[in-house]
Each structure stands twice: as structure tokens, then as C-alpha cells.
Amino acid sequence: MNPIFNESFLSRFNTYALPVAVIWTLSSAGSMFLSSAPQEGYAQNEEGFFEIFRFGDKFALPKYVRGGKSKTVTKTTLVPSPHQVKAIFRSEAGSFVTIDDGRESLIVPLHGIYKNTFRLVGMNDEAAIFRGHGKNYRLRLGYQDNLETEQSVTLTLDDANTDGEGEWHTITHTRLIEGMNNIQNLLKTISIRDVRSGDKIAGFKVERIASDSVFSQLGVIQGDVIESVNNKKLESYADVLGVYNQVPHMKSICITVVRNNQHKDLLYEITR
């Protein structure tokens, strides 16, 4: 009678059964090790050795999960909002327009305020002129034309140490104050001039900036046009001075610049 564990049997066992047994043993052992760890913590780290034995993924290695924190930033932006001037009435006794935003129609008298933002500054038989957010909006009679309304947008940004766009950086309160505590010294490190749209100031262009300037550390470069700081539009030199006086009390700073004809937000948390 042939022995059970003859050479032919052992050969077939090594070829077919042994690999299956090894894989089953490793996957079972992996389950025991993983069962002692909290599932939530494991899902965040994905560093368990036996996680490679996931049959549904065909033994694929786990995906790399980038580390680091994130910040949630809320900023105000202007969003086009369709409006229609449905009627224009002009007389010596009084002039007004009827304007509709798709939800309601309101009557706005000449020089009156619409939505606490837009002043009706002029009209003719074909259009009404509203002024708000530092610019004029021409709304034609019977057409859908845009006003711009403020909306809050929440962004989640990576807390990274690189200089990529859309990332959250930090600067110490001490460094910020040291760089801005003397306006005369500050003006030695940066030179700006106003940029106008018609007769109105639309921002301030950086003509020169020193590498040790606090604004250079905040990401501002030569050629940038600074339009606003913390959503405060810079439409006068008084606005610039007002922002300068508020810096010591800020918890974060968002400088909106135009760079290469594109808007860019420079976001910094002020750490204390």
C-alpha cells in the first residue's frame, strides 16, 4: 500500500495547498491584531501591516493619506444676482423705479437705498443706475441684469508650510507688531501708489518692497495690487490708515491682491 505522505502527495501539497494555508494564517493573525485597536484610530492612520491582505482590493497597498491639519475660513465674496427693472417713472414731482429680484418687487425712489446697499443714483427712459460696493451697476428696463450681493463662503484650507495658493499660513503677533509699530519705518520697506478706475481708487499697487518687510513675509510681492484687507475695500488713503490701526486687534488677516490679472487671497492666522 502506498504511504499517504508520499513524494507525489507532498509535491501537490506544496504547489496548491501550502500557499492558501499561509495566506489564511496571515489574514487570520492580522484580524486578531487589528481587533485590539480602535477602529476609528485605525481608519485615520492606516498603518497596520496586515491591512495589505484585503481580498476585495486584490492585495493592494492602502492609499497614502496626507497628514496635517486644516483650517476653516469664512470670507465674504460678491456674487452676481439677476435683477430686472420692470418700470421707470420720471416726473418733476418724483421719480422711481420698480425692481424685481425674482422673489419680490420693490419701488425705489431716486436717491433711495435698495437692500441697504445700492443707491439709485440716476435713470433715463431705458435704464436705472445703482451704486454699491464702490461701483455703478446699469440695469436696463425689461432685461435681466446683475447686481452683486455679498455672500459668506466657507473654505477649508491645508495648514501647510509651502507657498502654494489657497493654503493657510501663520505669523506671530509679535513679528507683525514689530514690523508695523512705526509707520515711518514701515514706509521705508514698502512703496505703494493708488490705482484708479475712473475717478475712484480701486486699490494700491506695490511699487517696491524690501525682503525684510512684514508685508513680504505676508506674501505680498512687487507688482501686486492690494484691493482689500479682511474684506475691507481700500478706496482711499484713509482706508489704508484705518486697516493699519486695526492690525494689533486682528486674529487673522486676509489680503486680497490682483496678481497677473487674477485675484489671490493671502491668508494668515495671527498667533499669540
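Just so we're clear, the structure is a prediction, and the values are computed from it rather than from any experiment.
- In terms of heavy atoms, Ile209 sits closest to Val206 at CB-CG1, 3.9 Å.
- With hydrogens and angles ignored, the 3.5 Å screen pairs no side-chain donor or acceptor of Arg259 with any backbone N or O of Gln262.
- Hydrophobic clustering (ILVMFWY, side-chain heavy atoms < 4.5 Å, transitive): Val195 and Ile255 are in distinct clusters.
- Note that the CD1 atom of Ile192 and the CD atom of Glu207 stand 9.5 Å from one another [nearest 0.5 Å].
- Side chains of Tyr268 and Gln217: a donor-acceptor N/O pair is absent below 3.5 angstrom, by distance only.
- Taken to the nearest 0.5 Å, the NZ atom of Lys251 stands 11.0 Å off from the CD1 atom of Ile270.
- Between Leu120 and Ile99 there is no side-chain heavy-atom pair separated by less than 4.5 Å.
- With hydrogens and angles disregarded, a donor-acceptor distance shorter than 3.5 Å links the side chain of Asn230 to the backbone of Ser252.
- For Lys115, the NZ atom sits in a packed shell: over 12 heavy atoms of surrounding residues, nucleotides or ligands are nearer than 6.0 Å.
- Checking side-chain atoms of Gln84 against main-chain N and O of Gly142 turns up a donor-acceptor pair under 3.5 Å.
- Taking a 6.0 Å sphere around CG of Asn260, one finds it holds 12 or fewer heavy atoms contributed by other residues, nucleotides or ligands.
- Between Tyr114 and Phe118, the ring-plane angle classifies as tilted under the 30° and 60° cut-offs.
- Heavy atoms only, all atoms of each residue included: Leu234 and Val243 are closest at CD2-CG2, 3.9 Å.
- Atom OH of Tyr143 sits about 9.0 Å away from atom CD of Glu126, to the nearest 0.5 Å.
- The two residues Ser91 and Gly94 have their closest heavy-atom pair at OG-O, 2.8 Å.
- Leu266 has its side chain within reach of Lys264: a pair of non-hydrogen atoms, C-beta onward, lies under 4.5 Å apart.
- When all heavy atoms of Ile88 and Val85 are compared, the closest pair comes out as CG1-CG1, 3.8 Å.
- No continuous path of hydrophobic side-chain contacts links Leu186 to Ile177 [ILVMFWY only; heavy atoms under 4.5 Å].
- Between the Asp239 side chain and the Gly242 main chain, no donor and acceptor come within less than 3.5 Å of each other.
- Annotation: the span from Lys205 atom NZ to Ile226 atom CD1 amounts to 12.5 Å, rounded to 0.5 Å.
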Determine, stepwise, if the pair Glu178 / Thr172 fulfils side chain to side chain contact (heavy atoms under 4.5 Å, CB included). CA-CA 10 Å; Glu178 286 176 352; Thr172 66; over 6 Å; no
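- Nearest approach of Arg208 to Leu187, heavy atoms of both residues: NH2-O, 3.6 Å.
- Hydrophobic clustering keeps Leu218 apart from Val225 (ILVMFWY residues linked when any side-chain heavy atoms are closer than 4.5 Å, directly or through intermediates).
- Using a 4.5 Å heavy-atom cutoff, the side chains of Phe89 and Met123 are not in contact.
- Taking the six-membered ring where the residue is Trp, the centroids of Phe130 and His83 are separated by 6.0 Å or more.
- A donor-acceptor pair under 3.5 Å is formed between the side chain of His173 and the backbone N or O of Pro248.
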Step-by-step side chain to side chain contact (heavy atoms under 4.5 Å, CB included) determination, Gln246 to Lys232: CA-CA 11 Å; Gln246 287 298 315; Lys232 169 64 177 176; over 6 Å; no
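- There is no path of hydrophobic side-chain contacts, each under 4.5 Å, that joins Leu106 to Val121.
- Considering CZ of Phe204 and OG of Ser191, their distance stands at 12.0 Å, rounded to 0.5 Å.
- Considering every non-hydrogen atom in both Thr98 and Ser105, the closest pair reads CG2-CB, 4.2 Å.
- Put simply, the side chain of Asp145 gets close to the backbone of Arg140: a donor and an acceptor are under 3.5 Å apart.
- The distance from atom NE2 of His133 to atom NZ of Lys233, rounded to the nearest 0.5 Å, is 8.0 Å.
- Listed for the Arg90 side chain is no donor-acceptor partner under 3.5 Å among the backbone atoms of Ser95.
- By the criterion of side-chain heavy atoms lying less than 4.5 angstrom apart, applied directly or through intervening Ile, Leu, Val, Met, Phe, Trp or Tyr residues, Ile129 is not grouped with Leu141; the two fall into different hydrophobic clusters.
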